[in-house]
Amino acid sequence: MFPSIGEKRPKMPVFTVEECPNCGTKTKRAFKIGDYVYKDGGECPKCHSKTVVSMIYAELVQVK
Ligand SMILES: [Zn+2]
């Protein structure tokens, strides 16, 4: 990856939501390369079941 000089892109932080199929807890975290919907997620903080990635989305941030 090279840094592109002079390129100004709006900041679009991407988030991954992991959902626990057991208790329904949703955990939002920063997107990591390789994430995709229905991928196995981390451990549920409440019931320690395996979570599944349920949503990936970008949040538009206004750059001033
Ligand atoms: Zn759970």
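Sequential numbering from 1 along the given sequence is applied to the chain's residues. Counting starts at 1 for both ligands and their atoms, following the listed order. All values below were derived from every heavy atom in this structure, side-chain atoms included, with hydrogens, water molecules and symmetry-related copies excluded.
- Here CG of Asp35 is found 4.0 Å from CZ of Arg29. Values are rounded to the nearest 0.5 Å.
- Considering OG1 of Thr16 and CE of Met55, their distance stands at 10.0 Å, rounded to 0.5 Å.
- In the hydrophobic clustering of this structure, Met12 does not group with Phe31; members are Ile, Leu, Val, Met, Phe, Trp, Tyr whose side-chain heavy atoms approach within less than 4.5 Å, directly or through other members.
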For Tyr57 and Lys28, run side chain to side chain contact (heavy atoms under 4.5 Å, CB included): C-alpha distance rounded to whole Å, both residues' side-chain angles, the deciding distance at 0.1 Å, then the answer. CA-CA 10 Å; Tyr57 67 98; Lys28 181 173 135 182; 3.1 Å; yes
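- Residue-and-atom listing of protein N/O/S atoms under 2.8 Å from the Zn ion (ligand 1), sorted by chain and number: Cys20 SG, Cys23 SG, Cys44 SG, Cys47 SG.
- In this structure, Glu43 CD and Cys20 SG are separated by 10.0 Å, a value rounded to the nearest 0.5 Å.
- The 12-atom threshold is not exceeded at NZ of Lys26, counting heavy atoms of other residues, nucleotides or ligands nearer than 6.0 Å.
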